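Some notes on the structure that comes next.
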Amino acid sequence: MKNNYFFVYCVFAVFILLAGCNRTEDIVALQRGEPISPVYAAEGDNVLIWTDYVPTLVPLSSRLEVKISGEYDIAKLATDSMIFNGHVTTPEVVTISDGRQTAVVPVLPNLPYRQGLTSFSISDNSVEIGFHGAAAGEVENPSFLMIIQNALLPTKVLKMNGENSWLIRLDIAEEEYYRLMQQERTYLRVFASDEHYRYNDLLIPLQKGKPVRSTKELTRHDNQAQILYSLMVDRFCNGDTDNDAPLNRGDVLPQVDYQGGDLAGVTEKIRAGFFDSLNINTIWLSPLSQNPTTAWGLNEDPYTRFSGYHGYWPVYNTKLDNRMGTPEQLHELLAVAHEHNINVILDYVANHLHIESPTLKEHPDWITDSILPDGRRNFELWDECRLTTWFDVHIPTLDLEREDVCDAMTDTALYWMQEYDFDGYRHDACKHIPLGYWRMFTRKLKTRLPERDFWMIGETYGSPELISSYVKSGMLNAQFDFTVYHTAIEVLGKQQSMRRIADAIEDACRYYGDHHTMGNISGNHDKCRFISLAGGAVSWNEDDKHAGWTRQIGVTADGDKQNEERAFKKALLLEVINLTIPGVPCIYQGDEYGQAGANDPDNRRMMRFGGLSDNERRMREQVVKLTQLRKTKMPLLYGDYCLMFCDHDLLVFSRTYAGDTVIVAINNADVARDITLEGLNIHVEPNDYCIL
């Protein structure tokens with residue numbers, strides 16, 4: 001591989017000294033373990049950005065110096081806890097080594113990103129790759145890097161197979177790959193570039209060394225294959241009336257009091273096949289920690305205080321809220337879900353504790369200062385005081401930059417995984433929690449429960465740079481992609497250019513990887529229901545929380561049937577986007593049938609399992625067709641994304657895996673569209689979609 005056309009890769013020999021642990025076993029586990037995120041070349045030939053964190057190898061306080069000689073004078077890799085200084089050798093990968101075992105990390109070049117790399121076909125022992133779309137025939141002297149998990153494949157496995165085709169052989173005889181190829185699930189990663197571009201990477205799942213051809217070979221532990229369903233336990237289904245305990249206070253309106261949903265209700269719906277009928281294989285439960293039995297907070301118009309029905313005001317972090325159910329009922333829920341091949345992830349709150357918490361009373365110094373040095377109240381300063389600001393007066397923010405506080409809180413988070421058979425977490429308010437917390441927590445999770453498969457997704461509002469700082473193999477697997485969500489609802493609801501959506505999808509691939517598991521949401525418990533925005537029942541410019549308190553929110557403001565049908569079509573187009581682009585689709589309870597509503601608390605109405613209108617029933621039927629397609633089509637799970645066409649109203653893209661291509665056309669106009677692309681005639685009705 002020649003320097004003049006291969007991307008700006010660098011090899012680093014990292015000699016890791018760990019007191020009290022078996023280095024070889026750790027390195028072997030790393031080589032066969034979860035793929036490490038790539039290193040990025042930054043501006044200037046001597047700057048590389050290390051984007052990952054390896055919790056099983058690197059002590060939290062480590063600063064490693066690396067001696068390397070080569071083409072460049074200095075190479076600097078910076079993380080939040082480590083700085084590497086050295087010299088560059090051959091341009092391929094970062095190599096972590098103890099002298100006996102190694103693991104490699106790809107380095108992505110500082111070149112413009114371009115789509116076009118694809119897999120043409122697969123067999124038991126090989127993968128055929130090449131370029132398609134605009135890149136076909138234009139790639140100049142491409143170079144490839146092939147990695148299985150964190151082991152670099154030798155260049156001899158790659159052979160030219162035609163003018164625009166290369167064959168990667170997987171029947172490798174070398175003993176060092178034998179144990180790797182015997183694993184139940186590994187991943188082949190392929191990176192490519194030429195002198196001008198860095199191309200999208202490929203991800204090919206392998207089962208005992210053989211490429212996976214069908215979704216039937218996948219399990220609920222294959223993260224890219226997830227279809228996520230978000231539910232608020234108190235507002236989902238009441239399966240056990242014995243634990244009903246509303247506050248029944250005159251100063252707490254019914255909308256913000258407990259309404260009886262519980263764990264028994266979720267279990268009941270799993271058994272009844274509700275989630276199976278939607279092709280859901282991952283359920284996200286709202287927080288289950290004990291919340292206060294009294295009312296807190298205040299809304300002045302209308303006047304009401306609030307119960308802790310939502311679960312985000314933990315008093316005891318390791319105690320199950322009695323209104324949600326018993327430990328036995330939670331164990332039963334998890335067992336029944338797993339019998340249905342459904343994962344369950346738990347929403348966990350680490351940023352704060354309720355002021356009634358015995359922990360805070362015992363350790364009053366564990367919280368951040370609510371008054372800033374200039375005398376201002378440190379409340380809701382989300383960006384200015386990101387790591388210290390309080391969410392409200394009754395939920396003080398914990399000072400997680402203190403190691404003793406961080407240690408205690410990571411232990412309480414770990415408790416739920418040790419005590420119950422959860423499959424992962426949805427982490428609340430990630431950006432308000434320092435990175436040190438996530439490093440400590442993932443280190444505990446991976447070292448104390450090494451045999452368990454966990455998937456962790458976080459919630460962060462902010463720039464892609466901030467969001468991606470948490471997304472790495474040693475921290476969170478993913479975060480919710482609010483950029484794609486906000487862009488999509490504005491474009492669909494306001495008739496803006498579809499080019500904005502295309503750009504947001506491409507940005508997500510650039511920042512989080514082409515095969516990321518970022519959550520693509522239909523909405524959530526903090527958002528106005530999109531269908532009510534699309535139908536005009538809620539104005540884009542009004543206070544959407546206040547709207548829900550002051551009037552009954554439906555789909556439209558005037559009851560116009562034609563406008564209502566159009567709003568349902570717009571809501572369905574959002575589901576089409578989420579269920580066909582890279583990432584993990586996430587349906588918020590009720591969005592599958594077009595539940596109307598303003599923002600919190602109106603977006604938290606009790607779930608309906610019957611009595612749907614004709615439009616709601618049709619919406620649900622279409623969503624089921626989409627989830628079935630997502631469930632059964634490998635291109636929609638592991639296929640490379642390629643933009644085919646986009647103008648103001650029409651977006652057309654493809655997903656390709658092993659030569660199998662799914663084409664998605666989305667028409668945001670009030671008139672039909674016809675287009676011919678690559679010899680294929682595509683017709684899309686107004687505010688509709690076509691999948692080929």
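The model shown is predicted, which means the values in this text are computed figures rather than measured ones.
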Exercise: identify the closest heavy-atom pair between Tyr470 and Ile433: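 Heavy-atom minimum between the residues: OH-O, 3.5 Å.
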
For the student: nearest non-hydrogen atoms of Cys430 and Trp438, plus distance: SG-CZ2, 3.6 Å

Between the main-chain N or O of [Y] and the side-chain N or O of [X], is there a donor-acceptor pair closer than 3.5 Å?
| X | Y | answer |
| --- | --- | --- |
| Ser468 | Val471 | no |
| Asn317 | Ser289 | no |
| Asp321 | Leu288 | no |
| Asn477 | Lys472 | no |
| Thr368 | Thr388 | yes |
| Asn238 | Asp240 | yes |
| Ser469 | Leu466 | yes |
| Arg305 | Leu298 | no |
| Asn281 | Ile342 | no |
| Lys444 | Asp407 | yes |

[X] vs [Y] side-chain heavy atoms within contact, under 4.5 Å:
| X | Y | result |
| --- | --- | --- |
| Leu360 | Pro396 | yes |
| His427 | Leu476 | yes |
| Ile148 | Leu206 | yes |
| Ile457 | Val584 | no |
| Asp262 | Arg323 | no |
| Asp201 | Leu108 | no |

Within residues 363-382 or reaching into it, pairs that qualify as ring pair (Phe, Tyr, Trp, His ring centres under 6.0 Å) - sequence neighbours excluded: His363-Trp366, Phe379-Trp390, Trp382-Phe391, Trp382-His432

Pairs flagged by ring pair (Phe, Tyr, Trp, His ring centres under 6.0 Å) wherever residues 322-345 is involved - sequence neighbours left out: His331-Tyr420

Electrostatic pair [X]-[Y], nearest N-O below 4.0 angstrom:
| X | Y | value |
| --- | --- | --- |
| Asp222 | Arg185 | yes |
| Asp365 | Arg402 | yes |
| Arg452 | Asp423 | no |
| Lys527 | Asp600 | no |
| Arg604 | Asp234 | no |
| Arg271 | Glu332 | yes |

[X]: what forms a ring-ring contact (aromatic ring centres under 6.0 Å, His included) with it, not counting sequence neighbours?
| X | result |
| --- | --- |
| Trp313 | His310, His394 |
| Phe306 | none |
| Phe236 | Phe274, Phe275, Phe609 |

Applying side-chain hydrogen bond (donor to acceptor under 3.5 Å, both in side chains), name anything that partners [X], two or more places apart in sequence or on another chain.
| X | result |
| --- | --- |
| Gln226 | Thr282 |
| Asn351 | Thr397 |
| Asp257 | none |
| Asp369 | none |

Do any pairs count as a salt bridge (Lys or Arg N to Asp or Glu O under 4.0 Å) and have a residue in [range], sequence neighbours left out, and if so which ones?
| range | value |
| --- | --- |
| residues 385-395 | none |
| residues 459-469 | Arg426-Glu459 |
| residues 372-382 | Asp374-Arg376, Arg376-Glu384 |

Reported [atom1]-to-[atom2] distance for the pair [X] and [Y], which is rounded to 0.5 angstrom:
| X | Y | atom1 | atom2 | value |
| --- | --- | --- | --- | --- |
| Ile345 | Met417 | CD1 | CE | 9.0 Å |
| Asn524 | Ser230 | CG | OG | 7.0 Å |
| Ile467 | Asp481 | CD1 | CG | 6.5 Å |
| Asp453 | Glu34 | CG | CD | 9.5 Å |
| Ile581 | Met518 | CD1 | CE | 10.5 Å |
| Asn378 | Cys385 | CG | SG | 4.5 Å |

Candidate pair Arg220 and Asn341, rule side-chain hydrogen bond (donor to acceptor under 3.5 Å, both in side chains), full reasoning: CA-CA 6 Å; Arg220 63 184 175 89; Asn341 292 313; 4.8 Å; no

Ring-ring centroid check [X] [Y], cutoff 6.0 Å:
| X | Y | value |
| --- | --- | --- |
| Tyr312 | His354 | no |
| Tyr348 | Phe441 | no |
| Phe480 | Trp284 | yes |

Phe482 atom CZ: more than 12 heavy-atom contacts under 6.0 Å: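 Counting neighbours around CZ of Phe482, more than 12 heavy atoms of other residues, nucleotides or ligands fall under 6.0 Å, so yes.
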
